[in-house]
Amino acid sequence: SSTPARVASIIGRLTLPSEMKASMCSIVAVATAALLSASASAASITPTQQVINMLSEMQSKGEKMMEVEKKTFSAYAEWVNDRAKEISFEIRDGAAQIEELISFVTKADSDAAALGREISSLDAEINKLEGEKAAATSNRKDEHDEYLKMSQDYAESVDALERAIQVLGSQDFDRAQAESMLQKMASTVPGMPRVLAAFMQEKSRGSALRGDGAPSVAAYEFQAGGIMELLESLLSKFKGELSDVEEAESNQAHEFALVELHLSDTVAKDTSDHDEKAVAKGKTEGASAKAKGELTETQAEKASDESLKMEIETTYRAKSAQFEENQAVRMQELEAIAKAVEIISSPEVSSSYGTHVNLAQMKPTSLLQLSRSRHLAAAKQSAASLLNKAAIALNSKALADAASLALADPFAKVIGMIEGLLDKLKEEAAAEADHKSWCDEQLKHNKLKRNKKTAQVGQLSATIDGQSATIYEQGATVTKLVAEQGDLTKAIREATAQREAEKAENTATIADAASGIDAVSKAIVILKEFYSSQEASFLQQKKQVPEMAAYKGMQSSTGGVVGMLEVIESDFSRLKAETEASEKSAATEYDSFMDASQASKNGKHDAEVQLRLDKDQTEFEQSQTEKELRLTEEELGKANEYYGFLKPSCLEVHVSWEERVMKRKEEIEALKQAYTLLDQKS
């Protein structure tokens, strides 16, 4: 290929700024025009005039390009200023929102922690109150058992005293007989041993008070009247003590009822507060998790805005420096062109050239051809000199090579060089346009994807935090329900065992009472039938010689024995009735307790089963959410990697695409003009 074509190829392969390439191509065009002007000696316009016209056009075009570049950069600077302010406002708003979210999250976490401490305190308080209630119930049971024992003892003693008084009142006994009867009753009548002990204690106390050593009176001298008074005194005493015991039991029962009511109400209130605080804690933790997700998303958006602002400012600084450099180069170029026009327009150059050219035109054809050859050689020398100066000014090896090759190759091949350079510039412009379109599309999709995945990661993380809090609450509730069911099962088992033992005891008591009633009834019937057939008279007379009367039976003691049997029968009947009533009441109370306990246990069991299902479902949803989070994070990582791949080739550039397009158009336009001139002169 010719030297100009190779020069254009060398310029196209250089990795130089587009404005430097434009300067090189302009210089080549000037050099080519100089060569063409040398070969156009036969034209009506002199070559010097043509060069001046071309330089004037270049000066006018350079001024316009300089003005366009100023306007373009001014618009770009205004856009950068507006965009920077807009992003700054967004960053400031994001910072304020982040501060609010951090404050909200901190407060929510603090509130949740405080609620957790309050819940723990309520749990401890409830356990303490339950313990106090259990201790009070146990103590009350012991007191009631003690009351039942003492009440039974006093009741039996009172009953035994009443029987003894009834027996002694039915017939007069001397003291020895009365004491003997009391001793016999002590072995058969419940409560009589206690009465006998009290009786003997009172008797010994009375003897000790007498202290005269007198012998005991005759059999009928101390009748049962004195014993009756003592027994009635004991009866009054025992009744008083029984009344005191019953009053104490009533007071204790009332006090226990108040304590139990207070503890139950307090436990119910604490339980209600516990449930309310647990719900509030769950809501607070959920709100905190949601706010954390929003915080993560806002922080990511703020970081993205800061990065974008930094990129815009960095690019603006680079473009500002390039703009200043371009303006300086353009100004130098315009000054150089003006100087060249001034030199070429001087009389020394134009007059000398006109004289020599006019003389050459009036000479024969051979001389004209010789002059043209000389001028072609001079034009080549001028072009080479111009290229060498430009190579030194621009520090371009390619221009230096082009200057050396321009002297060696034929002039006609300059047109081929320009055509090749035009094609190459057009191909580069098309490639840059395609690359810019591809970069814009890829960067847009990548940013949308990164923003979307970042928001999804924050949302999924917040969802997982909320699910973790829900799972924890559900697990704690399940544990509590299981413990409560265990307590109910234990209480049911203990109540059943106690009820079975109580029922067996009551059944045996009722059977014994029924047997006693039957036996005593039969005895009474037998005695009454026997004595009703005999005469009811017995006279006791004081004679020295007793008479032998007909024996009619021990009718004198019949009333006492039958009366005692009737009292015993009445006791058995009362025992049977009271035991049956107690059994019925205990059975009713047990059935009511069992129904309530079983219903509560079934309800807690159903709640536990449902809560376990809900917990399993929440855990499954959490595992799916965690899986989705991992996939989303992987996609976000790939999107960030792809952004890192796009950044060097699409963002980190020293000259904007718009500037490269404008300069490329100017280069192509200049080459087209040069090509037109060459094509016309060829």
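Note that the structure is a prediction, hence the values are computed from the model and not measured.
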Check [Y] with [X], please: is the shortest side-chain N to carboxylate O separation under 4.0 Å?
X: E502; Y: R499; result: yes
X: K283; Y: D111; result: no
X: D145; Y: K141; result: yes
X: K604; Y: E608; result: no
X: K281; Y: E285; result: yes
X: E306; Y: K302; result: yes
X: K615; Y: E619; result: yes
X: E143; Y: R140; result: yes
X: K269; Y: D265; result: no

Got [X] and [Y] here, is their nearest side-chain heavy-atom distance under 4.5 Å?
X: Y643; Y: L443; result: yes
X: S461; Y: L629; result: yes
X: E146; Y: D142; result: no
X: F89; Y: D305; result: no
X: D275; Y: V279; result: no
X: M594; Y: T496; result: yes
X: L481; Y: Q485; result: yes
X: L101; Y: E297; result: no

Practice problem: Show your reasoning for whether side chain to side chain contact (heavy atoms under 4.5 Å, CB included) applies to S320 and F73. | Solution: CA-CA 8 Å; S320 297; F73 183 79; 3.3 Å; yes
Keeping [X] on the side-chain end and [Y] on the backbone end, is there a donor-acceptor pair under 3.5 Å?
X: T477; Y: E473; answer: yes
X: S272; Y: A268; answer: no
X: S243; Y: K239; answer: no
X: N139; Y: A135; answer: no
X: S623; Y: F620; answer: yes
X: T137; Y: K133; answer: yes
X: S110; Y: T106; answer: no
X: T625; Y: E621; answer: yes
X: S304; Y: A300; answer: no
X: T284; Y: A280; answer: yes

Kindly give the heavy-atom pair with the smallest separation between [X] and [Y], and that separation in Å.
X: S288; Y: V105; result: OG-CG1, 3.9 Å
X: T579; Y: T509; result: OG1-CG2, 3.6 Å
X: A495; Y: F593; result: CB-CE2, 3.4 Å
X: S600; Y: L488; result: OG-CD1, 3.6 Å
X: I471; Y: Q622; result: CD1-OE1, 3.2 Å
X: Y147; Y: V245; result: CD1-CG1, 3.4 Å

Using a distance-only test with no angle check, is there a side-chain donor-acceptor pair under 3.5 angstrom linking [X] and [Y]?
X: Q598; Y: N602; answer: yes
X: K601; Y: T489; answer: yes
X: Y590; Y: Q498; answer: no
X: Q322; Y: N326; answer: yes
X: D614; Y: Q610; answer: yes

Quick one: [atom1] on [X] to [atom2] on [Y], what's the gap to the nearest 0.5 Å?
X: E276; Y: E118; atom1: CD; atom2: CD; answer: 12.0 Å
X: Q459; Y: T296; atom1: CD; atom2: OG1; answer: 12.0 Å
X: E301; Y: I98; atom1: CD; atom2: CD1; answer: 9.0 Å
X: L460; Y: T632; atom1: CG; atom2: OG1; answer: 5.0 Å
X: Y472; Y: T618; atom1: OH; atom2: OG1; answer: 16.0 Å
X: E441; Y: N446; atom1: CD; atom2: CG; answer: 12.0 Å

Practice problem: Could you go through the side chain to side chain contact (heavy atoms under 4.5 Å, CB included) check for E628 and L631 one step at a time? | Solution: CA-CA 5 Å; E628 184 178 356; L631 295 176; 5.7 Å; no
Within a 6.0 Å radius of atom [atom1] on [X], are there more than 12 heavy atoms belonging to other residues, nucleotides or ligands?
X: E255; atom1: CD; value: no
X: Q624; atom1: CD; value: yes
X: K480; atom1: NZ; value: yes
X: M310; atom1: CE; value: no
X: E311; atom1: CD; value: yes
X: E260; atom1: CD; value: yes

Quiz item: Please walk me through it: do I126 and T271 pass side chain to side chain contact (heavy atoms under 4.5 Å, CB included)?
Solution: CA-CA 7 Å; I126 290 172; T271 302; 3.7 Å; yes
Self-check item: Residue pair E313, K309: steps toward the salt bridge (charged side-chain N to carboxylate O under 4.0 Å, His left out) verdict
Solution: CA-CA 6 Å; E313 292 175 347; K309 184 173 181 291; 2.4 Å; yes
Quiz prompt | Worked check of side chain to side chain contact (heavy atoms under 4.5 Å, CB included) between E86 and R83 | solution = CA-CA 5 Å; E86 181 181 352; R83 185 58 179 154; 3.2 Å; yes
Quiz item: Relative to each other, are the rings of Y76 and W79 parallel, tilted or perpendicular (30° and 60° limits)?
Solution: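 Rings of Y76 and W79: parallel, under 30°.
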Quiz item: So among Q456, K452, R450, K453, which one has a side chain to side chain donor-acceptor pair (under 3.5 Å) with E635?
Solution: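 Going through Q456, K452, R450, K453 one by one, the side chain to side chain donor-acceptor pair (under 3.5 Å) with E635 is satisfied by K453 alone.
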Practice problem: Might you work through the salt bridge (charged side-chain N to carboxylate O under 4.0 Å, His left out) test for E580 and K576, ending with a clear yes or no? | Solution: CA-CA 6 Å; E580 289 175 346; K576 182 173 179 293; 2.6 Å; yes
